[in-house]
Number of protein chains: 2
Amino acid sequence: MAKLDSVPAPTLRRFPNYLTLLKQHLQDGQSHISCTHIAQDLDMTAIRVRKDLEMTGVVGRPRVGYPILPLVEAIEQLLGWNEPSRAILVGAGNLGSAIIGYAPLGQMGLKIMGIFDNDAHKIGTRIQGQTVLTTEQMPEMIRNHSIDIGILTVPEKVAQEVADSMVSAGLSAIWAFTPRPITVPEGVVVERVQLAASLAVLMGRMLEEDRRVPARAG
Amino acid sequence: MAKLDSVPAPTLRRFPNYLTLLKQHLQDGQSHISCTHIAQDLDMTAIRVRKDLEMTGVVGRPRVGYPILPLVEAIEQLLGWNEPSRAILVGAGNLGSAIIGYAPLGQMGLKIMGIFDNDAHKIGTRIQGQTVLTTEQMPEMIRNHSIDIGILTVPEKVAQEVADSMVSAGLSAIWAFTPRPITVPEGVVVERVQLAASLAVLMGRMLEEDRRVPARAG
DNA sequence: GTCACACTGTTAACCGAATCACACTGTAGA
DNA sequence: TCTACAGTGTGATTCGGTTAACAGTGTGAC
Ligand SMILES: NC(=O)c1ccc[n+]([C@@H]2O[C@H](COP(=O)([O-])OP(=O)(O)OC[C@H]3O[C@@H](n4cnc5c(N)ncnc54)[C@H](O)[C@@H]3O)[C@@H](O)[C@H]2O)c1
Ligand SMILES: NC(=O)c1ccc[n+]([C@@H]2O[C@H](COP(=O)([O-])OP(=O)(O)OC[C@H]3O[C@@H](n4cnc5c(N)ncnc54)[C@H](O)[C@@H]3O)[C@@H](O)[C@H]2O)c1
């Protein structure tokens, strides 16, 4: 039985990796897999894999490993990927369009029910078969279709404002791609995708590497 | 004087947040800022801010705070954002195009010197004023222009293969947007932007929240 | 049947980052 | 000049996650 304890964020972050690997092995006809095998496939330690899988409540058998199908189902349940969550996207710009067109989100339980923008040139056009609606229609759709997740890809300046109107319409989670933090009331979950943070780590590590090995002439 | 110790990744990740805030205050004409002020602006604790700023080596004064300009310069130096790093992007698809068009990357020391794809329909077209080149030309450009960073936005299937050819041409860092991990030789830095991981955290936390408060009827 | 051992489950040790507590400092104000 | 105190700097503590150590177990081999 799956634990109801809260799953650590690092583990949540690794779950998708396990999922893709497990599904692949499932398709190859395997029914069980050991954590040592998973570990070397994903370039991590077996212990960490075991600890992560422990969160699912699925028990493995010595010399056999874990049953793959129950694992997949347990992880998907912990992530809520077993049944679709209704989402909307606001800000049909460059990034927004890329996300809308990213098919794998469907496998992650994300169902984009509406796309909104406030640019007159974009409203009414179609992106991946979905018509772009005006921002004014957003609260109504959130309420009528009990939307759970708002994907925020508007310019930084209006991000807080749009987030506010999402929340007041009843959204419970926001997936924000804007560089600045946004504030929301208690109970609403915000997850930010910080591209700048990722780049900072990359370049910081790069400099360190250069510092260790006196860079090749440039 | 800036420490040469390695900066913890969590701190690196927060640096960009400080930078945007600091630059904004600088533009408002302020010369100093206290960590308590920064903390409440970014919704974090003052202690964490102080510890992070400690890495820069900049010293603050009681009742006055830290001098903003030196802080900005120190952080940019630690991130390598003070002088442009040459980069190329491979995979001029939806996501790749969005990244190319994302102006703020310029402020982060990233200079995209070339765009590559292997789709005959895309080669020769222009994205944001830059012509898309064939993948065959990539190693040559990496060598001739001593490119440091490769931005990887190709489909998952060919990601490893493209990464390999980047590395063998002499790249020292890869910014990968592909869902599966890629392996590189020692000394090459890889930073992955994992959208799925971010979504997993969002939805996992959402479920937890629902579990705590027995969700509104749906 | 029984033996070996690959693999699991669990408790303990470890480590790095976040947080705390508090002494120190030098400015602003009286 | 003196005082109060906002704000820094630092050593000590806590915490969460990772890693290690090891006992337990049931499968597969013979
Ligand atoms: N493009 C990238 O690669 C990238 C990367 C990281 C983060 N981001 C962030 O994502 C956001 C969008 O980036 P982008 O490159 O797609 O910009 P963009 O300008 O292409 O798209 C923004 C869209 O939002 C719409 N919009 C503006 N105000 C609105 C409002 N009040 N209500 C609804 N829609 C509104 C605009 O009409 C436009 O279509 C920005 O905050 C940016 O910082 C972008
Ligand atoms: N679109 C998104 O929102 C999104 C989000 C997260 C991750 N990703 C990942 O980013 C990558 C690209 O996604 P996308 O949506 O832009 O896909 P896309 O199909 O729009 O773009 C991929 C591009 O790569 C090119 N390409 C294919 N093989 C190549 C090769 N061997 N050499 C050079 N170029 C090649 C294609 O011609 C195409 O232009 C994928 O790995 C995807 O998983 C995309």
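In what follows, chains are A, B, ... by sequence order, proteins preceding strands, each numbered from 1. Note: hydrogens, waters and symmetry copies are ignored here, and every other heavy atom, side chains too, is used.
Across the protein-nucleic acid pair, I47(B) atom CD1 and dA12(D) atom P stand 17 Å apart, rounded to whole Å. At whole-Å resolution of the value, CE in M55(A) and C1' in dT8(C) are 17 Å apart. In this structure, D52(B) places its CG atom 13 Å from P of dG9(D), rounding to the nearest Å. Taking atom CZ of R48(A) as the reference point, atom P of dT8(C) lies 16 Å away to the nearest angstrom. When the P atom of dA18(C) is taken as reference, atom CD of E54(B) falls 13 Å away, rounded to whole Å. Computed from coordinates, the R61(B) CZ to dG7(D) C1' distance equals 12 Å when rounded to whole Å. For the pair L53(A) CG and dT10(C) P, the interatomic distance rounds to 14 Å; values are reported in whole Å. The CE atom of M44(A) sits 12 Å away from the C1' atom of dT19(D) (whole-angstrom rounding).
Side chains of Q24(B) and D28(B): no donor on one and acceptor on the other come within 3.5 Å.
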Practice prompt. With side chain to side chain contact (heavy atoms under 4.5 Å, CB included) as the test, would you mind laying out the steps for L42(B) and V49(B) before giving the verdict?
Written response: CA-CA 10 Å; L42(B) 294 178; V49(B) 175; over 6 Å; no
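Between the CE atom in M166(A) and the OG1 atom in T135(A) there is a gap of 9.5 Å [rounded to 0.5 Å]. I174(B) contributes atom CD1, which lies 4.5 Å from atom CD1 of I182(B) (distance to the nearest 0.5 angstrom).
Remark on DNA chain D: of its neighbouring residues T45(A) and S34(B), the 5'-side contact belongs to S34(B), judged by nearest-heavy-atom nucleotide.
Closest contact between the side chain of K51(B) and the listed nucleotides dG7(D), dT18(D), dG11(D) involves dG11(D). Checking dG24(D), dC22(D), dG7(D) against every side-chain atom of R50(A), the shortest atom distance belongs to dC22(D). Side-chain proximity of V64(A) to dC20(C), dG24(D), dT27(D): nearest is dT27(D). Here dA18(C) is the nucleotide among dA18(C), dT8(C), dA20(D) with the atom lying nearest to any side-chain atom of P10(B). When distances are taken from the side chain of P62(B) to each of dA18(C), dA6(D), dG9(D), the shortest belongs to dA6(D).
OP1 or OP2 of dT8(C) has not a single side-chain nitrogen or oxygen of R63(A) nearer than 4.0 Å. Remark: Y66(B) is in phosphate contact with dG9(D), judged by side-chain N or O atoms under 4.0 Å from OP1 or OP2.
At a threshold of 4.0 Å, the pair R211(B)-E208(B) does not count as salt-bridged, since none of the basic side-chain nitrogens sits closer than that to a carboxylate oxygen.
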